[in-house]
Amino acid sequence: MASGTVLRSHAGGYLVYEPDLDTVFQCAARGRLKKERKSIFTGDRVELDELNPEQNTAVITTMLERENLLSRPPLANVDQVIIVQAVHQPEWNPLLTDRYIVHFQLELSPVLPVLCFNKCDLAEESELEALRSIYEPLGYFVIFVSAVTGRGIEDLARSLASKVSVFAGQSGVGKSSLLNCIEKGLQIKTGVMDHEFGVGRHTTTSSELYRLSFEHFPEIRESQTASWVGDTPGFNLLELKHPQPAEVVWQFPEILQLAQECKYLNCLHVVDNDCNVLNHIDDISLERYNSYAAIVSDAQMEYSRRQVSSQKVEANVKNVGGKAGKATQVPRLSTKYRVVSRRREKQGQYEEIDTEDDLEDLDNLDNLDDAGLDGIDDENIE
Ligand SMILES: Nc1nc2c(ncn2[C@@H]2O[C@H](COP(=O)(O)OP(=O)(O)O)[C@@H](O)[C@H]2O)c(=O)[nH]1
Ligand SMILES: [Mg+2]
Ligand SMILES: [Zn+2]
């Protein structure tokens, strides 16, 4: 029995790539599938019957189990998300980078996103090394590229070989430019948002997989089986997924390691009360800790908002420590809190983190978004 990958919907049916014949078939779904109301999405693997190689038609009989499903636009069985960030122009934003990382880890678990830093031509080598030293030790694959000088483009192309990949990142970071370096004329669609009602209402419900030919990379072309890139996910930045407050730590491996040694059972590791994470804060990157704390704060605000709407009661305190009645009540983390690193404390210095500002930053980015500068490539809207 032949099987293949759905490339997109087409004329009430689907275009399906069958690898053995290296052919795209125009397929209808067999009635039973429709009856079961199983939605077939781009990227889904399906079994085929009634192959007609003359007319390139076939029938989809079964949908195979899905490994994962990216939302907006729906795209199944994604092997990797390449998070593209510019080093400058726009300026690298660590919180936004980590918010993307958390979002796609939640969507694609257990697959880790790849981090691609673009516009390296605008950066000092020392800045790139600083970025590398934050993310590589955590297990992320980090690629430094420049669509202008061509630096790293072959590495990026190689990382796409024989996979289904999706590029993500706010508008202006260079996603289109990079894809164009790899495949001339590739017309990827960017998740489209409709701002008519103020909130992002997504009109892109279908998506497409595009085949890479690696025309300029003969070595890669020869060694690969078919490689694909999907449409760019579109979302309002405020819609980036985050988990419940207590689960954020699972998305930060270096903090998780310290958290597992924390003596408080219900600790969120943001209040310096002999918390093991805060005791070792100098061992982790400050940017990463700040992101962690900001995401916890986001998650708490959303959580308490939900509490308010369901119970109309909101406690202003939370319990820290739960062991044998030793729990103490501390103010619930709201918008402002401070982290005191042991070393800095000795020096009498404080590192103040203002999550309100961080959130405003995201809001501002979101306004850019509203202005059509983010997430929307007008020329690409179909
Ligand atoms: N200096 C520099 N500019 C770049 C680079 N890549 C893209 N750009 C510029 O950044 C802007 C946004 O690029 P674009 O590919 O449209 O970004 P996208 O919105 O993520 O698709 C364009 O003006 C590009 O010419 C790069 O590596 N270096
Ligand atoms: Mg673009
Ligand atoms: Zn703790």
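Ligands are counted one by one from 1 in listed order, and the atoms in each one are counted from 1 as well. The analysis underlying the following values was restricted to heavy atoms, covering all of them including side chains, and did not include hydrogens, waters or symmetry mates.
- Electrostatic pairing of D79 and K163 does not count as a salt bridge here, judged by no charged N lying under 4.0 Å from a carboxylate O.
- Taking 4.0 Å as the cut-off between side-chain N and carboxylate O, D121 and R151 do not count as a salt-bridged pair.
- The pair E125-R132 fails the salt-bridge criterion, with no side-chain N (NZ, NE, NH1 or NH2) lying under 4.0 Å from an Asp/Glu carboxylate O.
- Taking only non-hydrogen atoms, the option from K119, Q85, H88 nearest to atom 4 (C) of ligand 1 is K119.
- Contacts between D121 and ligand 1, counted as non-hydrogen atom pairs separated by less than 4.0 Å, involve the side chain only.
- Only the side chain of L122 comes within 4.0 Å of ligand 1, judged by heavy-atom distances.
- The local environment of CD in E219 is sparse, with at most 12 non-hydrogen atoms from other residues, nucleotides or ligands closer than 6.0 Å.
- A salt bridge links D22 with R211: the distance from a Lys NZ or Arg NE/NH1/NH2 to an Asp or Glu carboxylate oxygen falls below 4.0 Å.
- E183 places a side-chain N or O within 3.5 Å of a backbone atom of S213 that can act as its donor or acceptor partner.
- Annotation for ligand 1: atoms under 4.0 Å from non-hydrogen atoms of K175 are 15 (O), 17 (O), 18 (P), 19 (O), 20 (O), 21 (O).
- Atoms of ligand 1 lying under 4.0 Å from at least one heavy atom of S171, given by number and element, are 19 (O).
- Taking a cut-off of 2.8 Å, the protein N, O or S atoms nearer than that to the Zn ion (ligand 3) are C262 SG, C267 SG, H269 ND1, C275 SG.
- Atom numbering of ligand 1 starts at 1 in the shown order; those under 4.0 Å from a heavy atom of A147 are 6 (N), 26 (C), 27 (O).
- Contacts between N118 and ligand 1, counted as non-hydrogen atom pairs separated by less than 4.0 Å, involve the side chain only.
- Closest of all the heavy-atom pairs between L268 and Y292 is O-OH, 2.6 Å.
- Residue S177 holds the heavy atom nearest to atom 24 (C) of ligand 1 of all those in A123, S176, S177, G169.
- A salt bridge does not link E215 with K184: every distance from a Lys NZ or Arg NE/NH1/NH2 to an Asp or Glu carboxylate oxygen is 4.0 Å or more.
- If you number the atoms of ligand 1 from 1 as listed, the ones under 4.0 Å from a heavy atom of S146 come out as 27 (O).
- Salt bridge annotation for E67-R45: present, with a cationic side-chain nitrogen under 4.0 angstrom from a carboxylate oxygen.
- Considering only heavy atoms from C-beta on, V87 stays 4.5 Å or farther from N118 through its side chain.
- The Mg ion (ligand 2) has no N, O or S atom of S171 inside 2.8 Å of it.
- Looking at G174, G172, A168 and measuring to atom 19 (O) of ligand 1, the nearest heavy atom belongs to G172.
- Using a distance-only test at 3.5 Å, with no hydrogens or angles considered, a donor-acceptor pair links the side chain of N68 to the main chain of N77.
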